[in-house]
A.B. asks: 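My structure is below; once you've seen it, I'll send some questions.
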Amino acid sequence: MANTDDDRRPKYQRIADSLREAIQSGEYGPGDRLPGENELMAAHGVARMTARQALSVLRDEGVAEARKGAGVFVRAFRPLRRRGIQRLSEQQWGSGRSIWSADIENRALEVDQVTVSEEAAPDRISAVLDLAEEETVCVRRRRFVLEGKPVLLATSYLPTSVVAGSAITQEDTGPGGTYARLAELGYKPVHFREEIRSRMPSKDEAAQLRMSSGTPVILICRTAFADEGRPVEINEMTLDAASYILEYDFDA
């Protein structure tokens, strides 16, 4: 019988996937010690280097952490509670705070893989932003990493005619982020719309988010509107579903 794709993967990757699945199923909980190199060598009939590589994969993904002299343990990562309404209030970004501060409490957040470019607008973006033919967009791409674990990929599209020459075209948009800068430009967001769906990740998404097989992503597309219903930003977000709790708190 022909080998499957799984059979062709390196042994260390198969061992890492097996351990990851055991973590996801609850066999190993947060803070539990994972099998050490000697145990993996005996259980899988592999060399020490292969066992070491398998554990390194989990450490690199942020799933596990090494403790000197004690072994490798399941990392106690708490899902991120995304407060969908509070985080977008003008009270947040209007006072110079990041909208993420509503979600992360005192946890360490890093934004990496930031790129900013001027590009032709994809048709779906041009239609929503109501752009003229050939009008370009400022595209901001970035990855959000919480306590060493990648949790979100985000790509924002803004009309170049609105943001040209502003801090929005720089990697660091400054206090309050993009929405505070839009307000300074005379395009203060007054309304937001978010659309949410879910699917399995692409290979690139899974790699960037260091996701294990079988985990879906949550897709959130947010449109920000200024006065008179003018759309000024579209933000397409890809979330690791295992890392999030989506919370919406509002009055009846």
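Values below: all heavy atoms of this structure, side chains included; hydrogens, waters and symmetry mates excluded. By convention here, the first residue in the shown sequence is residue 1. Owing to the predicted nature of the structure, the values given are computational and were not obtained by experimental measurement.
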A.B. asks: Taking distance alone, no hydrogens or angles, what donor-acceptor pairs closer than 3.5 Å link side-chain atoms of residues 237-251 to residues at least two apart or in another chain?
C.D. replies:
unit_1: Asp240; atom_1: OD1; unit_2: Ala242; atom_2: N; d: 3.1
unit_1: Asp240; atom_1: OD2; unit_2: Lys149; atom_2: NZ; d: 2.8
unit_1: Asp240; atom_1: OD2; unit_2: Ser243; atom_2: OG; d: 2.9
unit_1: Glu247; atom_1: OE1; unit_2: Arg81; atom_2: NH1; d: 3.2

A.B. asks: Answer whether the closest heavy-atom distance between the side chains of Arg140 and Thr155 falls below 4.5 Å.
C.D. replies: no

A.B. asks: Given 3.5 Å as the limit, does a donor-acceptor pair link the side chain of Arg33 with the main chain of Val72, or not?
C.D. replies: no

A.B. asks: Tell me the closest heavy-atom pair linking Ile220 and Ile196, and the distance in Å.
C.D. replies: CG1-CG1, 4.0 Å

A.B. asks: Kindly write out the residues that satisfy salt bridge (charged side-chain N to carboxylate O under 4.0 Å, His left out) with Arg143, not counting sequence neighbours, or none if the list is empty.
C.D. replies: Asp112

A.B. asks: Considering residues at least two apart in sequence or located in another chain, which fulfil the salt bridge (charged side-chain N to carboxylate O under 4.0 Å, His left out) criterion with Glu184?
C.D. replies: Arg181

A.B. asks: I'd like to check the ring-ring contact (aromatic ring centres under 6.0 Å, His included) partners of Phe225; sequence neighbours left out, ordered by chain and number.
C.D. replies: His191

A.B. asks: Which pairs pass ring pair (Phe, Tyr, Trp, His ring centres under 6.0 Å) with one or both residues in residues 118-154, sequence neighbours excluded?
C.D. replies: Trp100-Phe144

A.B. asks: Quick one: list whatever passes side chain to side chain donor-acceptor pair (under 3.5 Å) with Ser18, sequence neighbours left out.
C.D. replies: none

A.B. asks: Does any non-hydrogen side-chain atom of Val74 lie less than 4.5 Å from one of Leu34?
C.D. replies: yes

A.B. asks: Under a plain distance cut-off of 3.5 Å, with no hydrogens placed, do Glu119 and Ser117 share a side-chain donor-acceptor pair?
C.D. replies: yes

A.B. asks: For Pro216 and Met211, work out which heavy atoms get closest and say how close.
C.D. replies: O-CE, 3.4 Å

A.B. asks: Which residues pass the salt bridge (charged side-chain N to carboxylate O under 4.0 Å, His left out) test with Glu171, sequence neighbours left out?
C.D. replies: none

A.B. asks: Compare every heavy atom of Cys138 with every heavy atom of Val116, then report the nearest pair and how far apart it is.
C.D. replies: CG1-SG, 3.8 Å

A.B. asks: Report yes if the side chains of Leu158 and Ile168 come closer than 4.5 Å at any heavy-atom pair, otherwise no.
C.D. replies: yes

A.B. asks: What's the shortest heavy-atom distance between Ala154 and Asn235, and which atoms?
C.D. replies: CB-OD1, 3.7 Å

A.B. asks: Specify the closest pair of heavy atoms between Ala16 and Leu58, including all atoms of both residues, with the distance to one decimal.
C.D. replies: O-CD2, 3.7 Å

A.B. asks: Measure the shortest side-chain to side-chain distance between Gln208 and Pro150 over non-hydrogen atoms and say whether it is less than 4.5 angstrom.
C.D. replies: no

A.B. asks: What distance separates Gln86 CD from Ile99 CD1, expressed to the nearest 0.5 Å?
C.D. replies: 12.5 Å

A.B. asks: Quick one: are Tyr187 and Tyr179 in side-chain contact, heavy atoms under 4.5 Å?
C.D. replies: no

A.B. asks: Are any of the side-chain heavy atoms of Trp93 and Pro189 separated by less than 4.5 Å?
C.D. replies: yes

A.B. asks: Does a donor on one side chain and an acceptor on the other come within less than 3.5 Å for Ser156 and Arg142?
C.D. replies: yes

A.B. asks: Could you work out, with side-chain contact (heavy atoms from CB on, under 4.5 Å) as the rule, every residue matching Ala70, not counting sequence neighbours?
C.D. replies: Arg67, Phe73

A.B. asks: Does any N or O in the side chain of Ser198 come within less than 3.5 Å of the main-chain N or O of Val217, such that one atom is a donor and the other an acceptor?
C.D. replies: yes

A.B. asks: So Arg83 and Gln92, do their side chains get closer than 4.5 Å, heavy atoms only?
C.D. replies: no

A.B. asks: Which donor-acceptor pairs under 3.5 Å do side chains of residues 40-55 form with protein atoms, sequence neighbours excluded?
C.D. replies:
unit_1: Arg48; atom_1: NH1; unit_2: Glu37; atom_2: OE1; d: 3.1
unit_1: Arg48; atom_1: NH1; unit_2: Asn38; atom_2: OD1; d: 3.1
unit_1: Arg48; atom_1: NH2; unit_2: Asn38; atom_2: OD1; d: 2.8
unit_1: Arg52; atom_1: NE; unit_2: Glu37; atom_2: OE2; d: 3.0
unit_1: Arg52; atom_1: NH2; unit_2: Glu37; atom_2: OE1; d: 3.2

A.B. asks: Can you pull out every salt bridge (Lys or Arg N to Asp or Glu O under 4.0 Å) where at least one residue sits in residues 215-235? Sequence neighbours excluded, please.
C.D. replies: Glu194-Arg222

A.B. asks: Determine which pairs satisfy ring pair (Phe, Tyr, Trp, His ring centres under 6.0 Å) with at least one residue from residues 108-142, sequence neighbours left out, and list them in order.
C.D. replies: none

A.B. asks: Would you check, one step at a time, whether the test salt bridge (Lys or Arg N to Asp or Glu O under 4.0 Å) holds for Arg124 with Glu236?
C.D. replies: CA-CA 12 Å; Arg124 70 183 188 285; Glu236 296 183 334; 2.8 Å; yes

A.B. asks: Do you see a donor-acceptor pair shorter than 3.5 Å between the side chains of Thr178 and Thr173?
C.D. replies: no

A.B. asks: With a cutoff of under 4.5 Å between side-chain heavy atoms, which Ile, Leu, Val, Met, Phe, Trp and Tyr residues group with Ile234?
C.D. replies: Ile125, Val128, Leu129, Leu131, Val137, Val139, Tyr157

